[in-house]
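Below: one structure, written as C-alpha cells.
We count ligands from 1, going down the list as the structure has it; atoms in each ligand are counted the same way. Nothing fancy with the numbering, it's 1 onward along the sequence.
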Amino acid sequence: MFKVSWDKDTGGIKLNSRVDSGTLGISPRPVFYEELDLLKLNELGWSYPRSNDPLLWACNKQYFYRGEFVFEVKGANIYDAPTVLLQPDFQKLELKPIDVKGMLQRCKDEMFLLESEAIEFIRGVYVQYSSARESVERVKSNRMDYESLVAKLEKQTKQKMAIVKQDCDSFDIMPLDNAKREGKKTYQTTNIDKFLASFSGGKDSQVVLDLCVRAIPPSAFEVIYSDTGYELPTSLALYKEVEDYYKGKFPELRFSTARNHETVLNYWDKIGTPSDTHRWCCSIMKTAPLYRMLKVDGTNKQARVLTFDGVRAEESTRRSEYVRIGKGVKHDTVINARPILDWNTTEIFLYLFRHDLPINEAYRHGKARVGCVICPYSSSWDDMISNTLYKPELAPFLSRIISSAKKGGIKDVDDYIKDRKWKFRAGGNFLESDSSISFASITPNLKASILGAKQKIETWLPAIGDYTITASGKTARGEVKFNNAIYSFLIEYGERSNNFKFTLYNVNDAQLIKLIKRVLHKTTFCIKCEACEVECPTGALSVLPDVKIERSKCIHCHKCLDFHDYGCIVANSLILTTNTNMKAKSGIDRYNTFGLRGDWIDMYLSDTENYWGNNGLGTKQVPAMQNWLKDAEIIDGKNEITKLGKLLVQIYQDRPQLVWEIIWINLTYNSFVAQWFAARAKNNITVTKSLLMEMIQNEFPNIYSDRTIKNAVDALIRTLKESPVGEYTVLVQADSITRIAYNDLSEEAIAYSIYRYAEAHKTKMLRVSDLYRQDEESGVYVEFRTDKSNLEKALRTLNSSSNRVLVAELNMGLDHITLRDDLTPLTVLEELTK
Ligand code: SF4
Ligand code: SF4
C-alpha cells in the first residue's frame with residue numbers, strides 16, 4: 001500500500017505515502033543468514049553473523065545491502081544451485097544485521113495506519129454480516145433467500161443487483177448502481193453460518209489471523225488449516241506453534257485441520273502427477289476437505305461461510321482483479337473478505353517483526369512461497385530449495401515423476417525434470433488406467449463403451465433428472481427425463497458388469513449430451529476424491545463411504561456435473577484421447593471468428609493486385625482472410641497468389657460455382673474445422689453451434705480450450721452462412737444447420753477432388769467404394785455428400801470425354817478409377833477448363 005525505499009541508516013526500508021526518486025519498483029523481502037548459507041556466501045569471502053534479524057533484502061533474484069545492489073543469482077533448478085554473481089565492489093563484505101527496531105520505529109505511523117484500516121475492515125465486515133444473520137433469526141420476514149432472488153433478477157434485468165438493508169431492519173434488492181448512488185451498504189448474502197480465518201502456513205494468512213484476533217471476538221470465528229499431505233515440514237511446525245500461541249491467549253478460538261481421507265501419494269498413483277493443466281491437487285487435497293469440514297452441523301449441506309483470507313493484489317495479475325469482498329470466488333457458498341489485499345510483501349514482514357510473530361523457517365532459507373514441497377506452479381528456485389532442504393519429503397514425489405517420465409519414453413529425464421516440463425503436461429500422464437471410455441457417436445444416438453467402470457451408472461444418473469431403469473439379463477433399458485422430454489437408453493453389460501455399452505437414443509440436445517457424457521465420465525473414473533461433493537448445494541450428494549445421490553434432495557442443478565470439464569476432476573486428468581484418426585492441429589481458430597465471406601472472395605478474385613491495399617477489411621479481418629486464402633491454396637505463405645489462385649481468377653467470372661467447389665475441397669484438406677465438419681457432419685444431420693463444439697471437445701479432449709473451439713466453430717458457421725459453400729453443403733436454419741447432399745457438383749470439381757484424394761493417398765488407382773467407406777475422412781463424398789449414382793454418372797462423362805483425364809471402369813461390378821500419371825490436381829483443372 002505504501003511506497004518502499006531504502007533506509008541506509010538502519011539497513012532497512014522506509015514506507016512513504018508518495019512516490020519519490022528513491023521509490024523501489026518491487027517491494028523487497030528480508031533475507032536471513034540461512035539463505036546466505038544456502039548460497040554459500042560464507043565460502044565466497046563474505047562474513048555475517050547468524051542473527052535472528054535479517055541481514056539484507058532481495059527484489060526477485062537481486063540482493064541489496066543498505067541500499068546497494070551487492071549480488072544476484074542465476075540459473076537455479078531442482079538439481080543445481082544457482083550461480084552467485086557478486087558485484088565488483090562487493091567481492092568481500094562484512095554484514096551487520098538490519099536494525100529492525102530502528103526500522104520499525106521509523107515505519108510505526110504507516111504501519112499503524114495500515115493495521116488500523118485492516119482491523120476496521122475486518123470488524124466492519126464481521127458486524128455487518130453477523131448483524132444481518134441476527135436480524136434474519138429475529139425477523140421472520142427476513143428469512144427469504146435473497147441471494148437466489150438477486151440471481152433471478154440479474155438474469156431477468158441483465159443488470160447487477162445488490163441486497164441492501166433498509167432502516168426498518170428489513171432487506172431489499174435494488175440495482176447495484178442505484179445502491180451505490182444512494183450510499184447504501186450492500187450485502188452479498190444475509191445468511192452467514194460461519195466466520196473463518198483460513199490458515200496456510202504462509203506469512204499472509206498469518207498476518208490475517210493476527211488481525212482477526214485483534215478485530216473480532218475469538219469465539220466468533222474459527223481457524224482451519226488445510227493440510228494437503230505434502231506441506232513443508234516448517235509449515236506444519238509453524239501451524240503447531242501458532243495454534244499453541246493463540247490457544248494460550250484465547251482458549252475459545254477454535255483450530256482444526258482439514259485433510260482428505262486418502263494420502264496425496266495415493267492420488268498421485270491413481271491420477272498422475274499434477275500439472276499446470278491438471279492441477280487436481282488444490283481441489284482434492286485442499287479445497288474439498290476444507291469445505292467438507294464446513295458443512296452445517298448435523299447435515300450434509302454446505303455452510304454459508306465468510307472467510308478472511310490472505311490474498312494480496314501484488315501476488316499475481318489474476319489476483320489483482322479480485323475485489324476486496326468477493327462472493328463465490330472459489331466456492332458458491334463462500335464469501336471471501338481480503339483485509340490485506342493492498343499490502344505489499346515488505347509490509348507483511350514488517351507486521352510479523354512488529355508483533356514479534358514467528359516466521360515460517362522456509363522464508364529464512366529463501367523460499368518465496370511456502371506451499372507444498374513440490375507444486376506445478378512453483379519456480380525453479382523453490383524446487384532447488386525443496387530439494388536441498390526437504391529432500392526426504394520431496395523424494396517420493398520426485399521418484400514418481402522420474403518413473404512416469406521413463407514410462408512415457410522421455411529420453412533425458414534429468415532435463416525433463418530440471419526444465420520443469422512435467423509441470424506442463426496437457427495430456428499423456430503416462431499412467432495405465434484400468435478404466436476407459438470411448439464415444440462411438442454423439443448424435444442422433446449417443447453411444448459409449450466403458451471398461452472398468454468404478455461406479456454404477458445409476459449412482460450418477462439421478463443428477464440429470466428423473467429416470468427409470470429395468471434390468472433383464474445382460475441388458476437394462478430405461479428412460480431419463482430432461483427439459484420436459486423423455487429419452488430412452490439401453491445398457492448392454494459385458495462379462496463383468498463394470499464393462500458395458502451405453503446408448504441414449506435420438507438425442508440432439510447439446511446440453512443433455514454434455515451432461516450425460518459427464519455422468520458417464522464420473523461413472524467410469526470416480527474414485528471418491530471428494531472434489532465434486534462440496535459443489536452440491538442441497539447436500540444430496542455424498543461420496544463417502546460410497547457415492548450416493550439422495551433423490552429426494554437432488555434438485556438437478558447439475559452443479560456436481562458442471563464444476564469441472566468432464567464433470568470429474570479425475571476423469572479430466574486420466575482421459576487422454578478418444579479413438580480418432582483425425583489429428584489435432586494447432587491454430588484451429590486462426591480465422592478468429594470470421595468466416596470466409598462470398599463478397600471477400602468476389603473482391604479478391606476481381607482485383608488480386610490491389611486487394612490488400614484496398615479491401616475495406618478491419619485489422620483483425622485481414623489475417624483471418626489471409627488464413628482462409630492460404631487454406632484454400634489461393635495464396636502462399638508469403639501472401640502471394642499461387643498458380644491455382646491465378647487459374648481461379650481466370651475462371652471465376654464464368655464459373656464462380658466451380659471456384660467455390662475447389663475452395664471447399666482445399667479447405668477440407670487444410671482447414672481443421674472444415675475438414676472436421678466435412679468428415680463428421682453426416683448426411684441429414686442437424687447440428688447446433690453448441691453441439692458442434694461438444695463434438696469437437698469430445699473428439700479432442702484436453703487439447704483445445706472452449707474459447708478456441710468456439711472461435712473455430714463460429715468461423716465455420718459463418719463461412720457456411722455467408723458464402724456459396726453453405727448453399728451447396730448445408731441447409732441453414734435460424735440456430736442450426738443440416739448437412740445435405742450436393743448432387744450438382746461440376747465434373748471439373750469431381751476430377752480435381754479425385755486427383756487431390758489420390759495425391760493425399762499417394763496412389764493413381766482407387767475405387768469408388770473407397771470414397772464411400774464409413775470411416776473415410778476425405779474425398780468427394782466427405783466433401784459434398786454427393787450420391788454415388790451421381791458421382792458415377794460424372795465419372796462416366798469424364799471417362800468418355802475427348803480430353804480424358806481418368807479411366808473409370810464402372811461396369812460388370814467394377815468400380816475402378818485410374819488416373820493419368822502426367823496430371824496433378826492443378827493441371828487436371830487447367831486441362832478441363834482450357
Ligand atoms: S466424480 Fe470425480 S470429482 Fe467427483 S468425487 Fe468422484 S472422482 Fe472426485
Ligand atoms: S449438485 Fe445438484 S444435481 Fe448434483 S446431486 Fe446436488 S442437487 Fe443433485
Side-chain angles (χ1 to χ4, degrees), residues 145 148 151 228 259-264 266-272 274 278-292 295-296 299-303 328 330-333 429 431 433-437 450 452-467 480-483 498 511-512 514-575 701-702:
D145 186 351
S148 305
T228 58
R259 287 189 191 93
N260 193 291
H261 69 286
E262 273 204 45
T263 68
V264 68
N266 273 352
Y267 285 117
W268 272 55
D269 291 340
K270 288 178 184 171
I271 312 178
H278 300 294
R279 204 172 165 219
W280 54 260
C281 42
C282 258
S283 303
I284 296 180
M285 303 313 298
K286 199 184 245 178
T287 320
L290 171 67
Y291 294 134
R292 285 189 90 232
K295 300 218 173 175
V296 177
T299 75
N300 192 36
K301 207 174 158 190
Q302 287 301 131
K330 289 195 178 155
H331 197 275
D332 261 4
T333 55
N429 54 30
L431 273 189
S433 172
D434 52 0
S435 303
S436 68
I437 182 166
I450 286 139
K454 294 275 188 284
Q455 308 289 336
K456 288 184 170 163
I457 189 166
E458 298 95 305
T459 308
W460 285 106
L461 207 50
I464 299 265
D466 291 336
Y467 75 95
V480 60
K481 194 173 169 195
F482 186 77
N483 276 346
N498 63 349
Q511 170 75 354
L512 177 60
K514 185 179 90 179
L515 293 173
I516 285 283
K517 278 171 61 190
R518 290 180 177 192
V519 159
L520 292 168
H521 289 141
K522 278 166 150 353
T523 302
T524 311
F525 295 105
C526 177
I527 52 167
K528 304 188 274 191
C529 80
E530 305 182 9
C532 65
E533 184 194 275
V534 295
E535 300 300 319
C536 179
T538 63
L541 171 63
S542 54
V543 301
L544 295 173
D546 295 308
V547 183
K548 198 169 124 205
I549 294 179
E550 264 191 62
R551 289 173 83 166
S552 60
K553 285 191 192 166
C554 179
I555 53 171
H556 313 304
C557 65
H558 308 140
K559 288 197 172 169
C560 56
L561 302 174
D562 284 338
F563 93 111
H564 212 279
D565 291 351
Y566 302 99
C568 171
I569 201 162
V570 173
N572 179 261
S573 191
L574 289 177
I575 287 179
N702 282 337

**Report entry** Shortest non-hydrogen contact between N260 and C529, atoms and distance
**Finding:** ND2-O, 3.1 Å
Requested in this report: Locate the shortest heavy-atom distance separating T523 from W460; write the atom from each residue and the value.
Outcome: N-CD1, 3.8 Å
Requested in this report: List every atom of ligand 1 that sits less than 4.0 Å from any heavy atom of F563, numbering the atoms from 1 in the order shown and giving each element.
Outcome: 3 (S)
Query raised in the report: What are the atoms of ligand 1, with element, lying closer than 4.0 Å to any heavy atom of I569?
Result: 3 (S)
Query raised in the report: Under 30°, 30 to 60°, or over 60°: which ring-plane class applies to H558 and F482, parallel, tilted or perpendicular?
Result: tilted
Requested in this report: Measure up the W280 and Y267 rings against each other and bin them: parallel (under 30°), tilted (30 to 60°), perpendicular (over 60°).
Outcome: tilted
What protein heavy atom sits nearest [atom], and how far off is it?
{"atom": "atom 2 (Fe) of ligand 2", "value": "C557 SG, 2.3 Å"}
{"atom": "atom 4 (Fe) of ligand 1", "value": "C532 SG, 2.3 Å"}
{"atom": "atom 6 (Fe) of ligand 2", "value": "C536 SG, 2.4 Å"}

Can you sort out which atoms of ligand 2 are near [X], meaning under 4.0 Å from one of its heavy atoms?
{"X": "H558", "answer": "2 (Fe), 3 (S)"}
{"X": "P537", "answer": "1 (S)"}
{"X": "C560", "answer": "1 (S), 3 (S), 4 (Fe), 5 (S)"}

Requested in this report: Assess whether atom NZ of K301 is packed by more than 12 heavy atoms of other residues, nucleotides or ligands within 6.0 Å.
Outcome: no
Report task. Apply the test salt bridge (Lys or Arg N to Asp or Glu O under 4.0 Å) to residues E262 and K270: give CA-CA distance (whole Å), side-chain angles for both, the deciding distance (0.1 Å), then the verdict. Result -> CA-CA 11 Å; E262 273 204 45; K270 288 178 184 171; 2.9 Å; yes
Relative to [atom], which among [options] owns the nearest non-hydrogen atom?
{"atom": "atom 7 (S) of ligand 1", "options": "L544, I527, T459, V519", "result": "I527"}
{"atom": "atom 8 (Fe) of ligand 1", "options": "C529, S542, C568", "result": "C529"}
{"atom": "atom 1 (S) of ligand 1", "options": "E530, R518, E535, K522", "result": "K522"}

Query raised in the report: Any idea which part of T538 is under 4.0 Å from ligand 2, heavy-atom wise: side chain, backbone, both or neither?
Result: side chain
Query - salt bridge (Lys or Arg N to Asp or Glu O under 4.0 Å) between K559 and D332, worked out - result: CA-CA 10 Å; K559 288 197 172 169; D332 261 4; 2.7 Å; yes
Query raised in the report: Are side-chain N/O atoms of K286 and T228 paired as donor and acceptor at under 3.5 Å?
Result: no
Report summary line: With heavy atoms and a 4.0 Å threshold, my read on which part of K528 contacts ligand 1 is backbone
Report summary line: Result for side chain to side chain donor-acceptor pair (under 3.5 Å) between N300 and one of E550, K295, R292 points to K295
Query raised in the report: Strictly under 2.8 Å, is any N, O or S atom of C554 next to atom 6 (Fe) of ligand 2?
Result: no
